[in-house]
Amino acid sequence: MPIITVEHLSKHFKVYKRRTGFWGNLSSTFSREHDIIKAVDNVNFTLERGELVGYIGANGAGKSTTIKMLTGILVPTSGHIDVMGLMPYRHRKENTRRIGVVFGQRTQLWWDLPVIDSFELLKHIYEIPQNLYKQNLEFFSELLQLQPFLSTPVRRLSLGQRMRCDLTAALLHNPEILYLDEPTIGLDVVAKEQVRQFLRQVNAERQVTVILTTHDLNDVEKVCQRLIIIDSGKIIYNGAIDALKKRYGKTRLLIVDLAQAYSDIQLEGVDLTRRDGNRIWLAFDRDTTSASEVIAQLTARYEIQDLTISEPEIEEIVRRIYELGMH
Amino acid sequence: MIKKYLTFTVKAFQRTLTYRFELWMELLINVLFMLVYVYLWKALYTGRTSVEGYDLNGILTYIVVSQTLLTFTFTLRIARIIEEKVRTGEVVTDLMKPIDFQLMTLATAAGTSSHTALFNMLPKFLLFYGAFGLSLPPSLLTLSLFIMSVVLGYVILFSIEFIIGIFAFWLVEIRGLYAFVIWGLAMLFSGYFLPLEFYPTFLAKVAAVLPFRAIIYFPTAIYTGQFIGEHLVTALLIQLAWVGALVGIGRLGYRAAFRKLVIQGG
Amino acid sequence: MMRRYIKLYFLLAGAYVRSRLQYRLSFGLMCFGIVVSEACLLGLLGALLAKFRTVNGWTWAEVVFLYGLGNVAHSFMRILGSQLDDFDRYIIRGELDGVLIRPVPPLFYLLASRVELIHVSRALTSVAIFVVAFHLTDLRWTLSVALFTFTTILSGGVIMFTLMLISATVALWTTKSGKLTDLLVAATKEAAIFPISIYPLAVRLLLTFILPVAFVTYYPAQQLLQKGEFLGMPESFQFGAPVVALVMVCASYLLWCSGLRRYHSTGS
Ligand SMILES: Nc1ncnc2c1ncn2[C@@H]1O[C@H](COP(=O)(O)OP(=O)(O)OP(=O)(O)O)[C@@H](O)[C@H]1O
Ligand SMILES: [Mg+2]
């Protein structure tokens with residue numbers, strides 16, 4: 001029995017057209033036309049309890065909109081959402097007690113108050129029993145090293161510190177599902193790693209189901225077991241990360257430093273994807289062309305200084321999917 | 001050069017156009033507001049012909065014109081906008097642009113306000129003008145001087161709000177200052193509620209040394225023909241002097257704010 | 001259940017007050033500003049009344065009485081409805097999302113999260129004005145008068161609060177309503193502090209049935225001051241304030257709910 005079931009989920013927004021020019025603007029004071037944006041378009045997926053899923057897509061793909069529907073902030077235009085047997089919007093109160101939400105862009109903490117005050121308030125809002133509250137607070141402040149700034153006003157925290165506090169705030173009431181919309185936005189490498197480590201641990205030790213959106217594919221690669229890719233409101237991939245690599249990572253990349261900048265490079269079965277001075281990037285399909293063939297061709301025609309071969313990073317794969325779509 | 005700032009004006013004007021429901025509702029409530037005062041004065045004048053040199057028609061004209069001009073005070077909110085920009089840090093990008101912050105703010109405000117003037121103040125005024133048979137300015141010259149005085153009064157109001165807004169760089173929170181100056185002092189001394197001739201001597205004396213009467217009372221008195229000749233010229237000169245002084249203080253203020261930002265990083 | 005909400009209300013309101021106290025100077029100035037502006041308006045009204053003595057048969061003490069009544073109701077409403085002052089901010093910045101993920105009724109959560117103590121200064125000023133006006137008219141405190149006054153102020157506050165709620169709710173459709181709320185609050189208060197007999201029929205009907213602020217001051221004052229001016233309306237209107245308050249609560253709450261439904265389906 002999946003913990004989240006999403007069926008034929010769509011969300012359409014009406015956006016009013018702005019007419020251009022002075023008179024156009026003036027006339028929109030009296031009447032307006034609109035367009036329909038299909039932010040989420042017939043989406044289906046399920047999440048099992050305890051899963052850790054990455055939800056990615058380009059800007060405006062529909063990630064946040066999906067999360068808002070899952071959390072009960074938005075009502076779907078059509079389709080069905082079942083979260084732990086509840087309809088998030090219809091059973092908003094019931095649902096919110098059992099989930100935790102973090103919006104990376106905006107803190108849910110009390111801006112001018114010490115961090116600990118926010119936690120205290122949440123204790124009352126979620127009616128967390130005192131002993132559970134204490135236990136959780138200890139657990140999280142240990143894990144995330146919150147102690148040094150528990151009594152600092154939120155507005156004076158660094159982004160990384162604030163994110164750690166926001167994560168704690170979202171988990172104090174022992175939610176079964178944790179929704180994260182861009183939890184690593186704006187964080188440095190170390191802070192990002194800390195968040196990732198934390199999510200893995202929370203997921204493993206507390207059996208919290210986690211769904212996170214992100215633009216940093218390292219998050220996905222290091223944290224998630226499964227990946228859902230959404231593009232223009234439609235799901236274009238849903239499966240394990242390894243499978244994605246296998247399926248779309250047939251391309252190999254050869255990075256070559258040439259002795260001089262040849263003006264024109266011709267090789268069979270190979271795409272020149274990038275060049276930067278004397279360095280060129282060559283992509284080829286490992287099923288039809290072998291690396292040794294390519295290298296042989298290269299050395300026959302050009303003088304080579306250095307050469308590396310690499311598997312495409314998930315980054316590269318996703319970039320190509322965003323750019324070219326799924327084939 | 002001027003064109004650069006005009007772009008801000010046009011942009012602000014267009015932005016305001018998007019909120020059309022608000023516009024109609026605002027107009028409706030504004031009309032209610034003015035009705036209250038018009039009927040109050042009608043009730044007060046029953047059985048009287050002239051008080052402090054105003055007959056019924058004169059006082060109604062005064063009230064409608066001053067209440068119309070009061071709309072600027074209600075809707076400008078420049079101080080609050082600057083405060084918000086300081087709080088979100090957006091002001092840094094504004095200050096780094098190769099343009100004059102004060103002029104840019106004025107240009108933006110002018111855009112919003114010309115929209116207000118066109119879609120709120122003018123219809124409101126015409127409605128009351130028709131319904132209550134008010135008078136027009138005695139001559140075309142007076143009308144143009146009135147418009148000039150309105151513009152000067154507007155710049156004075158803007159500059160006061162701008163100065164309040166600049167305080168946000170130091171105080172972070174300026175709602176208190178704003179409430180005190182705009183809702184307190186400006187309301188009391190601008191003459192929106194009744195002509196300054198009706199004020200007790202002491203309050204009238206205080207009003208005379210403050211800039212607020214130049215925002216509403218001066219233009220309105222020019223419109224109604226209360227100020228003529230020498231009196232009128234003096235009023236315009238006083239307005240000009242206030243414009244100079246307040247714009248100057250605003251500039252000094254924002255230069256200091258800019259220095260503070262550069263040195264302390266906000 | 002009830003206990004929980006009362007406690008939560010004070011906790012959330014307390015958190016807001018503590019946040020605000022970080023800006024003490026602004027807080028102090030704002031209190032001062034409000035007292036000054038209240039005093040100013042009263043001063044101007046005084047100047048006016050001193051010159052004209054009566055307004056449509058109402059002595060100046062009676063007018064100040066109406067003024068006080070309207071202001072007391074208004075200021076208590078402002079304390080409880082502080083959040084509605086610039087509610088559209090929540091929608092423009094998308095902060096309403098953060099409210100909707102809490103297991104608490106959104107309206108309750110919103111109102112509790114902001115209680116401006118500065119309005120207390122306004123309330124104190126207006127209570128003082130009211131008490132003085134009360135004694136300037138020939139009224140004396142008796143149990144029934146006190147009870148009636150109390151219900152009137154309570155109902156009046158509720159009526160003004162619901163008007164404010166309605167105009168703030170508009171933001172759920174238009175995303176912007178800040179100026180509208182400011183204006184509506186100011187206009188209705190202003191309209192209520194003068195005897196409505198000075199207005200033409202259309203405005204009286206408006207203030208009785210659509211923006212029913214006449215029930216905040218004018219009609220109850222008929223009972224207290226025994227003016228017997230009903231302007232063709234039923235005499236029972238003098239006791240109508242609580243009923244109107246109740247109707248307004250229901251109407252504004254329904255509107256709020258449908259506004260929230262709309263937000264739920266548009267996200268803006
Ligand atoms: N309230 C709204 N009204 C109208 N259109 C909206 C609204 N919210 C989102 N959209 C539109 O729906 C689409 C999807 O937006 P969404 O915020 O879900 O994207 P996203 O995947 O989260 O993007 P990002 O990575 O930039 O956060 C966008 O085209 C956006 O402009
Ligand atoms: Mg997003």
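The chains referred to below are lettered A, B, ... by the order of the sequence lines, with proteins before strands, and numbering in each begins at 1.
Counting heavy atoms from C-beta outward, Arg261(C) and Val75(A) have side chains that stay 4.5 Å or more apart. Contact check for Tyr16(C) versus Leu113(A): no side-chain heavy atoms found under the 4.5 Å cut-off. Between Phe10(C) and His124(A) there is no side-chain heavy-atom pair separated by less than 4.5 Å.
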Would Arg18(C) and Asp112(A) count as a salt bridge (charged side-chain N to carboxylate O under 4.0 Å, His left out) here? Give the steps.
CA-CA 8 Å; Arg18(C) 263 181 297 142; Asp112(A) 285 313; over 6 Å; no
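Remark: Phe32(C) CZ is loosely packed, at most 12 non-hydrogen atoms of other residues, nucleotides or ligands lying under 6.0 Å away. Around atom CZ of Arg4(C), more than 12 heavy atoms belonging to other residues, nucleotides or ligands sit under 6.0 Å away.
Looking at Leu122(A), the atoms closer than 4.5 Å to chain C (heavy atoms on both sides) all sit in the side chain, from C-beta outward. In this structure, no portion of Leu260(C) lies under 4.5 Å from any heavy atom of chain A. Proximity to chain A is absent for every atom of Arg20(C), based on heavy atoms less than 4.5 angstrom apart. For Arg155(A), the part lying near chain C is the side chain, with the backbone staying farther off; criterion is any non-hydrogen pair under 4.5 Å. Heavy atoms closer than 4.5 Å to chain A are found in the side chain of Leu8(C), but not in its backbone.
Going from atom CD1 of Ile67(A) over to atom CD1 of Ile101(C) covers 12.0 Å, rounded to the nearest 0.5 Å.
No side-chain donor-acceptor contact under 3.5 Å links Arg97(A) to the backbone of Arg102(C). Panel note: side chain Arg92(A), backbone Val104(C); a donor-acceptor pair is recorded below 3.5 Å.
Only one option out of His12(A), Lys11(A), Lys14(A) pairs with Ser265(C) in a side-chain contact (heavy atoms from CB on, under 4.5 Å); it is Lys11(A). Put simply, the residue from Asn95(A), Ile125(A), Ile99(A) that forms a side-chain contact (heavy atoms from CB on, under 4.5 Å) with Pro103(C) is Ile125(A).
Interface check for chain C: of the options Tyr179(A), Trp110(A), Trp111(A), the most heavy-atom pairs under 4.5 Å are formed by Trp110(A). Across Thr71(A), Leu121(A), Thr65(A), the residue that shares the most heavy-atom pairs under 4.5 angstrom with chain C is Leu121(A). By number of non-hydrogen pairs under 4.5 angstrom with chain C, the leading residue of Lys93(A), Glu120(A), Lys68(A) is Lys93(A).
Across all their heavy atoms, Asp97(C) and Ile73(A) have their closest contact at OD1-CG2, 3.3 Å.
Between Glu95(C) and Arg106(A), none of the side-chain N atoms (NZ, or NE/NH1/NH2) sits under 4.0 Å from a carboxylate O, so this pair counts as no salt bridge.
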